Amino acid sequence: MASAAANRNGNSSRGGLKLDRPALNLKTPAFKSRLPPPSSHSSGSAVRRSSPASFSLKDDDGGSFFLSFLPSFLPPLSLIFKISHLNLNAGFENEKNTFLVPGRVRVAVRLRPRNAEERLADADFADCVELQSELKRLKLRKNNWDSDTYEFDEVLTEFASQKRVYEVVAKPVVESVLDGYNGTVMAYGQTGTGKTFTLGRLGEEDTSCRGIMVRSMEDILTNISPESDSISVSYLQLYMETLQDLLDPSNDNIPIVEDPRTGDVSVPGATHVEIRDQQSFLELLRLGETHRIAANTKLNTESSRSHAILMVHVRRSVMGREDNLSDENGESSHLTKPFKPLVRKSKLVVVDLAGSERIQKSGSEGHMLEEAKSINLSLSALGKCINALAENNSHVPVRDSKLTRLLKDSFGGSARTSLIITIGPSPRHRGETTSTILFGQRAMKVENMLKIKEEFDYKSLSRRLEIELDKHIAENERRQKAFDDELERIHLESENRIADVEQNFADALEKERLKCQMDYMEAVKKLEEKLVLNQQKHENGGLVDGKCNGQGPGYPVSEDLAEVKEMLENEMNLRKMAEEEVRNLKSQSGNYTLGEGSGDAEILNLRKSLVEERRQKKKLEEEIIVLRSQLLQLTFEADQMRKCFERGVPRNGFNKIDPSMSPFRHFQSKDMQNGDSTLFEQVGLQKILSLLESDDLNVRIHAVKVVANLAAEETNQKRIVEAGGLTSLLMLLRTFEDETIRRVAAGAIANLAMNEANQELIMTQGGISLLSITAADADDPQTLRMVAGAIANLCGNEKLQTKLRTEGGIKALLGIVRCGHSDVLSQVARGIANFAKCESRASSQGLKSGRSLLIEDGALPWIVQNANNEAAPIRRHIELALCHLAQHEVNAKDMINGGALWELVRISRDCSREDIRTLAHRILHSSPTFRAEMRRLRIEC
């Protein structure tokens, strides 16, 4: 019993060790059980160095070390000559220190509780095993009156928690791995008895169910230093005698390499992943489990068809202990070797063996039958090796299977090994349970000799040189920084001088502008006076209403406006003269006979003159229309100035008015609309549209402004579309690069797009493609605002959503956000809200299924980023869009991954609008996906 207790604790007796085992190659005749620990930082029981410590002043190539390093490792130079005659046996070459600790394989047995099938089928039968956990014994019933008793290191009942299983089975192994020893934790048993649950359970739903793999990594990460230590992980499966990489399925035939000198087994072809935190390790395990092969059998619905092997490589830096130096007489000297930087490399192997099964019970057939044969063969080979080791045979058949080759170090090697065997309670599987128990009993007889390997770290030798190099680099960087600062100072000084010059120029320009403004106001005053006189003389001949007759001192009139009116009258007179001359030419041409040669020539000349007169007439008509438009605009501005002066607004208040933008804003003044309507009635729509094709750029600009103003009134939109105005506006977008024309044309299209009937025509004629191209080319915020407004209006038509997305409308909206202007972003947010609302309505009516097109086009990150924008219009539209997207369960997972859940929670709490706040609250409580994520994150709403 004493020897059994000693074996259970993993330590051998205090006597000498057996040296006749083939796995051990000890150079000394005896082994003492009580020796000092390997280092001040390591823990564990008795250890022994395989070779005496050594100290030398030569490296592996026989050369001397750098003298600059001598003071940090040796006594002062005055003492170096005193120790030159000493017998120094070792040096700083890359020595490997091996510490040996005896320890047999520890075996624990775990009983799985009855499942639903066993509770029903075996209701009248007692369990085939009886556990006595306090005595660490197990009774296997042969029949109702006879049973066999077996002892194990640990006996875990069906009520044992995952935490207890880890602490008694795997934690000692993990602690040894942290001390520098190799370790193995393996699960063996019949299929369906809980091996994968014990080892690989992730515990995402319930953290108390975490398995040995997850808990081992938690302990390792807690006890290492991220600055000096490192962890890498490989995850493999042995399937049909083929070693495959679970982290890279394409790597499906990894060779096993054995070091001919040391006999160590490795798999260099496997993927190694550096681990820095627990979350990355869990993601790695999830990835591996998705690639592991499993099948449904009669004994287990998710039966593993391969052996899973998790390898955790730990690299730790420690400091070696001091060694006294001896002189020639063997007496201890006062000189000591300083602490040496050492590196310890250890490996934890967690093996989830596939379950053994009997074909007649599992019902395997076809390919599953071949899998079962391969599993049973590899487990049989493992059993043979354990039998040979338990009986101290000279030959151990480790090469019969790849599984035994991989586990060569775990049984009879240098690793600390814990085996957990899992059994079931059903009497129907008494044979499989007996086989599992006997396997564990034989494994308890296997003894390992644990080894710790330490390697001298050459990197520490170059550390001082690196420090010196770092000092030089830092000095160089300091000088470089001083040079850069000086260069920056000169650059800033030059920029300040340039800024002063620009400011002086801007001040001069501002003075000139104010002077021109004063002249302009004087001209407006004179124009008002002339218009009043005109009205009194000609009751119906005026072009403006009585709102422009402001009186009193201080209202300046512009001479420029008078000149414009005079030019208009001259042009009208010229037009009348040209028409009269054309009529005369026509009458004269009728008097000539076609037969006379001289008459023919004169007729040709007359025809040419007639064509030229018609061209001049057309040009005059265009100029008259432009002048009328300018006159109306100037009249409107004069009226606005008069009203501002009446309210006491200072003169420079007009500096904020942008005359080029006012004609095509949606909120334009009623007076301007009436003015354009007057021009529309006087000239005619077809004539105005024909001016869109004029060769004169100014004529085009004024014509498109008039069309944009007319399109702002719903009563004019149908007539404009029927007369071909929409086609002309789209043609301007397609052919013109002038920023003003593109801006005003986009505004006119935005006005037309407010009518649902016009939206389909815009899409049919390729309007969205043209708007997308304009959005990509334009840089002016006002142009981008007009384009975004047009696309936003089109987004509100649920019939056009698919075509709108196909032709790049959503991409164009997302591209416009580069501008950053709040008015532009407000239009973009409105378009996204309109699109999300139509999608939500279509999904509710069963007309659409699948993910939102906004999410597929990558709009979600921008939506989440601007959900709490400082601008109220942007924030309101984005909050509505988020609520519409969240109403459909298919979008929930993408929204959670994109961070939208937190914004929905904020909206449900802090939104200023009660209807949006109520909608967000209802969505969060009605969606199963959102509710589950909120429970996981412990969010209360």
Side-chain angles (χ1 to χ4, degrees), residues 204 279 283 286 788 791-792 795-796 798 801 804-805 809-818 820 822 824-844 848-941:
E204 294 175 323
Q279 187 60 36
E283 293 293 336
R286 288 193 200 98
I791 298 177
C795 286
E798 60 189 35
Q801 290 217 317
L804 182 71
R805 186 248 184 161
I810 303 301
K811 294 288 188 183
L813 272 181
L814 296 177
I816 290 175
V817 303
R818 71 183 185 276
S822 59
V824 178
L825 297 182
S826 178
Q827 294 297 328
V828 173
R830 183 172 69 87
I832 290 177
N834 289 343
F835 197 95
K837 180 179 180 181
C838 291
E839 271 195 331
S840 176
R841 187 184 300 117
S843 299
S844 300
K848 180 186 178 300
S849 61
R851 290 197 313 162
S852 168
L853 299 179
L854 288 172
I855 295 178
E856 291 184 356
D857 273 4
L860 186 59
W862 185 84
I863 293 174
V864 173
Q865 181 182 357
N866 289 271
N868 198 16
N869 196 289
E870 294 180 357
I874 300 175
R875 184 173 63 254
R876 183 178 69 255
H877 291 311
I878 293 299
E879 289 174 348
L880 277 173
L882 275 175
C883 290
H884 288 310
L885 289 175
Q887 281 183 311
H888 302 284
E889 192 69 17
V890 70
N891 299 330
K893 185 172 289 187
D894 291 310
M895 296 185 71
I896 290 173
N897 295 335
L901 175 60
W902 295 101
E903 294 300 331
L904 285 172
V905 173
R906 180 192 61 77
I907 293 169
S908 68
R909 295 174 177 173
D910 305 331
C911 183
S912 58
R913 286 184 50 175
E914 184 177 358
D915 54 340
I916 300 178
R917 189 169 64 249
T918 304
L919 178 60
H921 189 273
R922 177 168 56 82
I923 291 170
L924 289 175
H925 284 80
S926 61
S927 170
T929 305
F930 285 142
R931 288 204 310 271
E933 184 66 12
M934 289 170 67
R935 283 196 303 270
R936 189 180 73 82
L937 298 175
R938 296 182 176 87
I939 300 175
E940 295 181 0
C941 181

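Computation of the quantities below employed the complete heavy-atom set of this structure, encompassing side-chain atoms and omitting hydrogens, waters and symmetry-equivalent molecules. None of these values were measured; they are calculated from a predicted model.
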Nearest 0.5 angstrom please: [X] [atom1] to [Y] [atom2], how far?
X	Y	atom1	atom2	value
I907	L882	CD1	CG	5.0 Å
L937	W902	CG	CH2	5.0 Å
L880	H877	CG	NE2	8.0 Å

Item to check | Stepwise salt bridge (Lys or Arg N to Asp or Glu O under 4.0 Å) check, R805 with E856 | outcome: CA-CA 10 Å; R805 186 248 184 161; E856 291 184 356; 3.3 Å; yes

Item to check | Stepwise side-chain contact (heavy atoms from CB on, under 4.5 Å) check, S927 with Q887 | outcome: CA-CA 8 Å; S927 170; Q887 281 183 311; over 6 Å; no

Taking [X] for its side chain and [Y] for its backbone only, find out whether a donor-acceptor pair lies under 3.5 Å.
X	Y	result
S844	S840	yes
D857	A859	no
S926	I923	yes
R875	N869	yes
Q827	A792	no
N891	S852	yes

Next on the checklist: Give me each pair satisfying salt bridge (Lys or Arg N to Asp or Glu O under 4.0 Å) with a member in residues 920-937, each pair once, sequence neighbours excluded.
Outcome noted: E933-R936

Checklist entry - Is any NZ, NE, NH1 or NH2 atom of the basic residue among R851 and E839 found under 4.0 Å from an Asp or Glu carboxylate oxygen of the other? => result no

Next on the checklist: Would you say that L804 contacts C795 through its side chain, given a criterion of any heavy-atom pair below 4.5 Å between the two side chains?
Outcome noted: yes

Checklist entry - Are any of the side-chain heavy atoms of I863 and L885 separated by less than 4.5 Å? => result yes

Next on the checklist: Does K837 have more than 12 heavy atoms from other residues, nucleotides or ligands lying within 6.0 Å of its NZ?
Outcome noted: no

